[in-house]
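Here the structure comes first, spelled out in structure tokens, and everything after it is commentary.
For the single chain, residues carry numbers from 1 onward in sequence order.
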Amino acid sequence: MDKPIIPYGRQHIDQNDIDAVINTLTSDFLTQGPKVSEFEKKFAEYVGSKYAVAVSNATAGLHIAVMALGLKPGERVITTPITFAASANCVRYCDGEVWFADIDANTYTLSLESTKRLIESKPKGFFKGIIPVDFAGLPVDLEEFRNLANEHNLWIIEDACHAPGGYFTDTKGVKQMCGNGKYADIGIFSFHPVKHIACGEGGMVTTNNEALYNKLSKLRTHGITKDNMEENHGGWYYEMQELGYNYRLTDIQSALGITQLSKNDEGVLKRNEIANRYKEAFRDKIKYQSLPDQTYNAHHLFVIEVVDRKKLYDYLRTHNIFAQIHYIPVHTLPYYKEIGYGDANLRNSENYYSKCISLPMYPTLLEEEQTYVVDRILEFLEEHTK
Ligand SMILES: *Cc1c(COP(=O)(O)O)cnc(C)c1O
């Protein structure tokens with residue numbers, strides 16, 4: 001009998017989700033109806049931001065975030081190489097330059113020290129912004145990044161695609177939920193099915209800044225607004241004030257997003273239980289992502305480092321375990337290699353990439369499936385360290 005496939009991630013859709021979608025399908029609105037604003041309101045409440053703007057995917061959200069912050073052609077932004085390419089591409093959409101700083105060797109998130117070194121090696125005003133990523137679900141300490149950004153007059157976009165439900169604790173002892181807009185100007189979330197909340201495609205942009213919120217709302221829908229115009233002109237009147245896009249989320253997707261969001265806390269809890277079992281099994285044997293004190297990892301991923309990574313990857317596949325690699329460092333992708341911005345030493349990122357492998361991590365992963373995964377890994381290590 002064939003063993004079932006165990007992927008590294010998988011969405012969880014239940015009857016409640018299905019009913020919500022069917023209700024919207026049979027309602028008057030398929031797009032731009034009441035579900036979009038309901039989802040935005042609930043999402044903002046969940047992360048603790050003042051505003052949220054639903055978008056067609058996180059890549060679109062990143063694009064209008066960089067636009068709203070006013071990046072001009074040739075201006076420079078720093079991000080981490082250990083992320084999905086979209087975290088960097090948004091800068092290129094606006095004809096900006098992407099510079100990379102290194103990751104911390106233990107948390108795998110953008111290193112504050114490396115970012116500081118890069119900024120301080122250039123003249124004042126050289127960089128405009130920083131895009132830290134809550135990699136694997138581990139919340140970046142944005143208070144530290146905000147202090148650095150303030151010294152150099154930089155904006156911050158928090159790419160929180162991996163981290164709805166995660167938080168760090170600031171120096172005042174306050175829990176800061178990912179994407180709450182307290183220290184970052186804008187937060188970005190993805191509702192791709194492999195992430196926590198599945199809408200098929202979808203994303204959310206969060207902020208506490210009203211001016212940014214207004215810009216983001218406009219850019220999402222062609223640069224068009226109707227606000228406060230009816231009185232002078234008539235009910236049909238609108239203005240296109242700048243060049244925007246159609247980056248809207250539908251009501252159907254928003255209905256699904258609402259029911260998915262309501263299960264997120266439970267899902268993150270499950271993910272942490274799974275992470276704890278991995279840690280217990282691997283402690284003192286295999287290196288895994290370290291968790292700073294008072295930080296809650298939302299665990300999109302569980303990443304370990306092993307020397308024979310390629311062999312382990314292939315070995316697991318022969319046992320129907322589809323682990324994955326996150327990520328090929330963005331600065332080594334042919335497109336970025338060719339344009340070649342940046343001169344920082346990215347040794348930690350490259351070392352990490354040579355060893356990293358993401359193990360199955362999703363709320364419906366069964367304990368016996370996880371035990372099977374752990375046993376295969378330990379058995380592989382036994383074989384390969386003899
Ligand atoms: C998934 C992801 C994105 C892009 O999300 P989409 O919704 O697929 O556009 C951006 N950044 C990170 C870190 C991601 O993991």
Side-chain angles (χ1 to χ4, degrees), residues 7-27 29-49 51-62 84 86 134 136-137 139 158-167 177-181 187-206 220 247-275 296-302 358 360-366:
Y8 83 92
R10 151 184 287 167
Q11 74 272 20
H12 175 44
I13 302 290
D14 64 16
Q15 194 56 46
N16 199 17
D17 297 313
I18 295 166
D19 292 345
V21 171
I22 290 172
N23 283 342
T24 298
L25 269 175
T26 52
S27 78
F29 298 96
L30 297 188
T31 193
Q32 301 313 104
K35 289 295 170 188
V36 177
S37 44
E38 184 186 337
F39 187 28
E40 289 175 335
K41 192 162 166 282
K42 289 192 163 144
F43 198 88
E45 259 165 36
Y46 180 72
V47 301
S49 69
Y51 308 103
V53 178
V55 285
S56 47
N57 54 68
T59 304
L62 282 159
F84 184 55
D134 299 317
E158 175 188 13
D159 184 337
C161 286
H162 294 186
Y167 63 78
M177 293 282 288
C178 291
N180 73 357
I188 306 286
F189 294 88
S190 169
F191 308 133
H192 183 284
V194 89
K195 312 287 164 69
H196 294 64
I197 294 165
C199 292
E201 293 278 356
M204 197 67 83
V205 185
T206 57
R220 163 183 64 176
Y247 282 168
R248 295 187 301 254
L249 192 71
T250 66
D251 248 40
I252 305 167
Q253 291 164 311
S254 300
L256 182 53
I258 291 164
T259 49
Q260 287 271 296
L261 175 64
S262 71
K263 293 185 273 259
N264 194 57
D265 278 342
E266 195 188 322
V268 172
L269 199 66
K270 283 256 174 63
R271 289 168 183 273
N272 274 277
E273 285 168 16
I274 292 165
Y296 189 52
N297 192 332
H299 274 301
H300 165 50
L301 303 172
F302 190 89
S358 309
M361 168 56 83
Y362 46 91
T364 53
L365 180 70
L366 301 173

- Could you tell me whether Lys35 and Glu38 have a side-chain N and a carboxylate O separated by less than 4.0 Å? yes
Determine the minimum heavy-atom distance between [X] and [Y], stating which atoms define it.
X      : Y      : answer
Gly61  : Val205 : CA-CG2, 3.6 Å
Ser358 : Leu301 : OG-CD1, 4.2 Å
Phe189 : Cys161 : C-SG, 3.9 Å
Tyr51  : Ser49  : O-OG, 3.0 Å
Gly137 : Pro139 : O-CD, 3.2 Å
Thr24  : Ala255 : OG1-CB, 3.2 Å

Is the backbone of [Y] close enough, under 3.5 Å, to the side chain of [X] for a donor and an acceptor to pair up by distance?
X      : Y      : value
Asp19  : Asn16  : no
Glu266 : Lys263 : no
Asp134 : Glu158 : no
Asn297 : Gly166 : no
Asp265 : Val268 : no
Gln253 : Glu201 : yes
Ser254 : Phe39  : no

Do the side chains of [Y] and [X] get nearer than 4.5 Å, heavy atoms only?
X      : Y      : result
Ser190 : Phe84  : no
Gln260 : Asp17  : yes
Tyr167 : Asn180 : no
Phe191 : Leu256 : no
Met204 : Val47  : no
Leu25  : Ile252 : yes

- Task: Start with the C-alpha gap between Leu30 and Thr250, add the side-chain angles, then the distance that decides, and say whether side-chain contact (heavy atoms from CB on, under 4.5 Å) holds.
- Result: CA-CA 6 Å; Leu30 297 188; Thr250 66; over 6 Å; no
Inter-residue atom distance [X].[atom1] - [Y].[atom2], 0.5 Å rounding:
X      : Y      : atom1 : atom2 : value
Tyr46  : Asn264 : OH    : CG    : 4.0 Å
His299 : Asn272 : NE2   : CG    : 5.0 Å
Arg248 : Thr31  : CZ    : OG1   : 6.0 Å
Ile197 : His192 : CD1   : NE2   : 14.5 Å
Ile188 : Leu62  : CD1   : CG    : 4.5 Å

- Which class fits the ring pair His196 and His300: parallel under 30°, tilted 30 to 60°, perpendicular over 60°? tilted
- Mind running salt bridge (charged side-chain N to carboxylate O under 4.0 Å, His left out) on Lys42 and Glu45 for me, showing each step along the way? CA-CA 5 Å; Lys42 289 192 163 144; Glu45 259 165 36; over 6 Å; no
- Begin from the C-alpha positions of Asp14 and Thr259 and carry the test side-chain contact (heavy atoms from CB on, under 4.5 Å) through to its verdict. CA-CA 9 Å; Asp14 64 16; Thr259 49; 5.9 Å; no
- Message: Can you confirm whether Lys270 is buried at NZ, in the sense that more than 12 heavy atoms of other residues, nucleotides or ligands lie under 6.0 Å from that atom?
- Response: no
